**Q** 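Here it is: the structure, laid out below.
On a predicted model such as this, the values are computed, not experimentally measured, just so you know.
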Amino acid sequence: MEIFTANEAKNRFGEVLLKSQKAPVQVTRSGKPVAMIVSIEDYNETEELKLRYVREHIQEALADIEDGNVEDGDAFFQDLMAGKYD
């Protein structure tokens, strides 16, 4: 992974774009990472994985509801706030 300062990325934007087609490029400011530049293919793949993950969890939740495996939301939230699940 290549790392550019924000100033370098600004001054060498074309190069940053070309490099991002092969691997993510990290941009830093004051020595701290602030952004990643990735190819559109990598971005779309990541978004698809996130969507698949959400869909799988929705299906699991619907199956739990159908099976009656549910909890009272208010009671669960109170327990959560009380630190029961720490």
Side-chain angles (χ1 to χ4, degrees):
M1 173 178 58
E2 296 267 352
I3 301 174
F4 287 81
T5 66
N7 196 42
E8 288 172 331
K10 179 181 75 168
N11 293 333
R12 299 165 55 190
F13 190 65
E15 180 184 349
V16 170
L17 288 180
L18 286 174
K19 288 182 180 289
S20 75
Q21 299 308 299
K22 296 178 183 172
V25 175
Q26 185 181 88
V27 179
T28 63
R29 178 176 285 151
S30 300
K32 297 178 183 174
V34 294
M36 292 295 290
I37 301 174
V38 299
S39 69
I40 193 66
E41 292 85 8
D42 286 349
Y43 173 80
N44 287 337
E45 185 177 307
T46 300
E47 290 300 302
E48 180 58 37
L49 287 171
K50 289 183 342 189
L51 184 58
R52 190 176 316 145
Y53 177 82
V54 168
R55 285 180 176 153
E56 287 173 6
H57 279 70
I58 288 171
Q59 291 303 316
E60 290 172 11
L62 291 173
D64 282 343
I65 291 168
E66 190 173 308
D67 293 343
N69 185 15
V70 296
E71 291 189 39
D72 177 80
D74 289 333
F76 176 79
F77 186 71
Q78 288 174 0
D79 288 344
L80 182 65
M81 296 305 292
K84 182 176 179 181
Y85 302 104
D86 289 345

**Q** State, with a plain yes or no, whether a side-chain heavy atom of K84 is found less than 4.5 Å away from one of Q78.
**A**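 No; the side chains remain at least 4.5 Å from each other.
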
**Q** Please output the side-chain donor-acceptor pairs of residues 22-38 that fall under 3.5 Å, not counting sequence neighbours, one pair per line with the distance.
**A**
none

**Q** Pairs under 3.5 angstrom only: tabulate donor-acceptor contacts from the side chains of residues 56-76 to other protein residues two or more places apart or in another chain.
**A**
from : atom 1 : to  : atom 2 : distance (Å)
H57  : ND1    : Y53 : O      : 3.0
H57  : NE2    : Y53 : OH     : 3.4
D72  : OD2    : D74 : N      : 3.2
D72  : OD2    : A75 : N      : 2.7

**Q** To the nearest 0.5 Å, what is the distance between CZ on R52 and CD on E48?
**A** 5.5 Å

**Q** Please list all pairs passing the side-chain hydrogen bond (donor to acceptor under 3.5 Å, both in side chains) test where one or both residues lie in residues 10-19, with sequence neighbours left out.
**A** E2-K19, R12-E15

